[in-house]
Amino acid sequence: GETAEVTASPEANDAEYLSPVSIGGQTLNLDFDTGSADLWVFSTELPTSETSGHTTFDPSKSSTFKKYDGATWKISYGDGSGASGDVGFDNVAIGGATATSQAVELATSVSSQFVSDQANDGLLGLAFSNINTVSPTKQKTWFETIKSQLENPLFTADLEKDASGTYDFGNIDSSKYTGDIHYAPVDKSGGFWEFNSKSYSIGGTKSSCTTCSPAIADTGTSLLLVDDDVAKAYYAQVDGSKNDSTQGGYVYPCSSNLPDFGIAIGDYIAVLKGSDLTYANVDSSTCFGGIQSNANSGMQIFGDVMFKQYFAVFDAGNTQFGVASK
Ligand SMILES: Cc1ccc(-c2noc([C@H]3C[C@@H](O)CN3)n2)cc1F
């Protein structure tokens with residue numbers, strides 16, 4: 001079976017990570033997103049006013065592209081951004097592994113956040129295809145299309161702070177982590193890599209929260225979005241912190257010593273170092289936290305703040321998600 005490895009390069013503030021993907025021989029830089037299941041790209045079908053700075057996929061220049069007549073897609077993301085368009089099939093290669101006749105969703109419209117994010121040429125969903133948005137027939141993700149060709153039906157994420165990391169498909173590279181991999185069973189019925197997270201720790205003090213929302217492993221989200229009462233409890237330990245609606249979340253003096261924060265991945269508590277829980281500067285003395293409230297949306301979203309501190313295994317063979325120290 002095959003294995004494949006591709007670089008994941010961070011944008012400013014590690015807001016997102018982009019990886020090169022070859023579609024019909026054309027290379028675009030896509031945001032691998034384990035929180036969605038559409039592979040969509042900036043295309044020549046967009047108004048040119050919206051494609052400045054982006055690489056666009058041109059179906060007319062691919063000898064292997066096939067239109068999927070009548071099919072459309074439309075997606076919206078957690079931050080209110082979104083895109084829509086039509087569909088075709090082409091050969092899609094990542095790190096030397098090629099999925100043939102992969103559904104490729106061509107954007108004919110994208111929201112302003114995508115227009116201005118010029119490094120991003122589209123998204124590659126790595127969640128489960130029951131949440132793919134193609135109509136009238138949902139389409140498989142790249143990972144689902146290629147899974148049977150892989151040495152093992154899994155992929156791993158090693159994202160780094162202000163540095164390039166990797167996604168690996170088909171194998172677990174033991175040089176990328178230390179100690180054991182701690183797995184939690186995944187409930188994929190909602191389409192996400194979803195697991196229970198019923199406890200947490202702040203500065204080493206553990207709390208159980210039987211009412212805590214389940215969590216999803218989401219490489220497409222920059223931060224760590226936890227239940228509102230947990231975020232409150234965390235920042236109660238940070239002098240001078242406040243939930244500032246103008247900044248969009250919790251801010252605090254950059255001189256603060258942030259406590260460590262432990263998140264439950266099933267029965268395992270993964271401790272995130274407080275020293276790596278600041279997301280960005282608001283100004284020279286005020287900082288914006290990597291831990292933020294999920295506004296009681298009913299789902300906790302463990303994004304890149306977690307992936308930068310823990311090696312992650314997305315195991316579709318055993319429907320489990322695992323983390324290891326690195
Ligand atoms: C400009 C832009 C906007 C959003 C996203 C985005 N990608 O993944 C996600 C999260 C939220 C959830 O919906 C699924 N995963 N959000 C990427 C962008 F480049």
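As the structure is a computational prediction, the values presented were derived from the model and not from experiment. Throughout, numbering of the chain's residues begins at 1 and tracks the sequence. Atoms within each ligand, like the ligands themselves, are counted from 1 in listed order.
The shortest contact between atom 9 (C) of ligand 1 and any protein heavy atom is with G220 O, 3.2 Å. Annotation: atom 18 (C) of ligand 1 to nearest protein heavy atom, F114 CE2, 3.3 Å. For atom 8 (O) of ligand 1, the closest non-hydrogen atom of the protein is D33 OD2, 3.0 Å. If you check which protein heavy atom lies closest to atom 17 (C) of ligand 1, you get D31 OD2, 3.5 Å.
Taking the six-membered ring for Trp, Y17 and F32 have ring centres at least 6.0 Å apart. Ring to ring, F321 and Y183 are not that close: their centroids are 6.0 angstrom or more apart.
Using a 4.0 Å cut-off between heavy atoms, L123 contacts ligand 1 through its side chain alone, with no backbone atom that close.
Between K176 and E5 there is a salt bridge, with a side-chain nitrogen of the basic residue lying less than 4.0 Å from a carboxylate oxygen of the acidic one. By the 4.0 Å N-to-carboxylate-O rule, D276 lies too far from K308 to be salt-bridged with it.
Short contacts between ligand 1 and E16, defined as distances under 4.0 Å to a heavy atom of the residue, involve ligand atoms 18 (C), 19 (F). The G78 neighbourhood of ligand 1 comprises atoms 11 (C), 12 (C), 13 (O), with distances under 4.0 Å to a heavy atom of that residue. Ligand-side atoms of ligand 1 in range of S81: 3 (C), 4 (C), range being under 4.0 angstrom from any heavy atom. Close contacts of ligand 1 with N120, meaning ligand atoms under 4.0 Å from a residue heavy atom, involve 19 (F). Interface of Q113 with ligand 1, defined as ligand atoms under 4.0 Å from a residue heavy atom, comprises 1 (C).
E144 and S129 share a donor-acceptor pair across their side chains, judged by distance under 3.5 Å alone. Using modelled atom types, one finds no donor on one side chain facing an acceptor on the other under 3.5 Å when comparing N91 with T98.
For D187, the side-chain hydrogen bond (donor to acceptor under 3.5 Å, both in side chains) test picks out S189, with sequence neighbours left out.
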